[in-house]
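Written below as structure tokens is the structure these notes are about.
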Amino acid sequence: MAIRFRVLGAAGRDNALHVEIDSGHAVRRLLFDCGEGCLADLSPADVMAIDHVFFSHFHMDHIAGFDGFFRMNFARDGDNNRIWGPPGTGKILHHRFRSYLWNLHENLGSTWRVSDIGETEIKTWRYELPEAFETAHEEPAIFRDGLLILDEEDFTVEAMELDHLTASMAYKVTEKTRWNIDSQRLAALGLRPGPWLKSFKDHNAMPDDAMVEGRRAGDLRAELLVPTPGDSVAYLTDFLLDETALAKLRPWISGCRHVVCESQYRAADLELAQKNYHMTAAQVATLASEAGVEDLVLFHVSSRYLREERAELLAEARGIFPAARFPEGWNE
Ligand SMILES: [Zn+2]
Ligand SMILES: [Zn+2]
């Protein structure tokens, strides 16, 4: 059980984030944004295995690589053709789907679902390849209470809207807590391991007041089950880190293990950062420090800086949050 992630794209160029959630019995793959050239860092098999694509917003540097993704996957069937983003995502993706010539598609069948993440509801549209993606089929909206948008067997995804003079979504992936049997305790109670432990761990299969091995399941669970908290990674990019954003973000990413955060500017360019609704490395490091995260990965650094200036940008962050780093593979 682990989360593996990789920032795609080079320093000063377009970036994206690839996340793998490995539960031990299955691997799910998520892509956050899709800047130009980013998918070249993945094998074709990895691109074809991406289950969900999440967009922060649709400035070109975040979607310019989408053609590469869609070219490989447009005809795939299955229910992993899922795209998410801020309000307006369905409309923008519909234009993307329709912006190619489709005339040999009749025998191919694929369905794509695109969701607008609103504050109180998630609106989803379905697009069909046999129709050349012509019709946006509206699906029933899902009421949204809180930040949760996706609740899978092994992990959840939450989304928070931030201000980039347009809505920019931040995302957090969290593995669910795993409950393991304390084998020493099991032996001490004179119980034998066996198939009964599978349903014992599952609250749906065995309610707390059911009897198991001569005891109440709830009481035995309290004695035998040991929690292993899941891994987590947050993806934050393109927004103004003002007091309003800080107040929302601090508690949300508090306890998050990895934070991958845009760091467009150096401290001296704070004015530029504010004007363009972006962040400085020092601001990001302060957020990470106040929220108590374990690992801070800075990415989406402005192309205006040369290599030495990027080193200084990282040093500014490390002065506040020593564990700040650039992505592996940037060779900085
Ligand atoms: Zn932007
Ligand atoms: Zn950007």
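Ligands are counted one by one from 1 in listed order, and the atoms in each one are counted from 1 as well. FYI, the numbering just counts along the sequence from 1.
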Does Glu262 bring an N, O or S atom to within less than 2.8 Å of the Zn ion (ligand 2)?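 So Glu262 does not bind the Zn ion (ligand 2) by this criterion.
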If you measure from the Lys or Arg side-chain nitrogens to the Asp or Glu carboxylate oxygens, is any gap between [X] and [Y] under 4.0 Å?
X      : Y      : answer
Asp151 : Lys176 : yes
Arg185 : Asp182 : no
Asp116 : Lys91  : no

Check whether NZ of the Lys or CZ of the Arg Arg221 lies under 6.0 Å from the centre of the six-membered ring of Phe200 and within 45 degrees of that ring's axis.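 Flagged: Arg221 positioned over aromatic ring of Phe200.
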Sidechain-backbone polar pair: Ser99 side chain, Arg96 backbone, donor-acceptor under 3.5 Å: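 Judged by distance alone, yes, a pair lies under 3.5 Å.
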Which of the N/O/S atoms in Asp238 sits closest to the Zn ion (ligand 1)?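 Among the N, O or S atoms of Asp238, the one closest to the Zn ion (ligand 1) is OD2.
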Restricting to N, O or S, what is the name of the atom of His59 that lies nearest the Zn ion (ligand 1)?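 Relative to the Zn ion (ligand 1), the closest nitrogen, oxygen or sulfur of His59 carries the name ND1.
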Angle at the Zn ion (ligand 2) between NE2 of His62 and NE2 of His300, to 10°?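 It comes to 100°.
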Within the stated cut-off of 2.8 Å, is an N/O/S atom of Asp61 closer than that to the Zn ion (ligand 1)?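 No N, O or S atom of Asp61 is closer than 2.8 Å to the Zn ion (ligand 1), so no.
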Would you check if the Zn ion (ligand 1) lies under 2.8 Å from any N, O or S atom of His278?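 Checking His278: none of its N, O or S atoms is under 2.8 Å.
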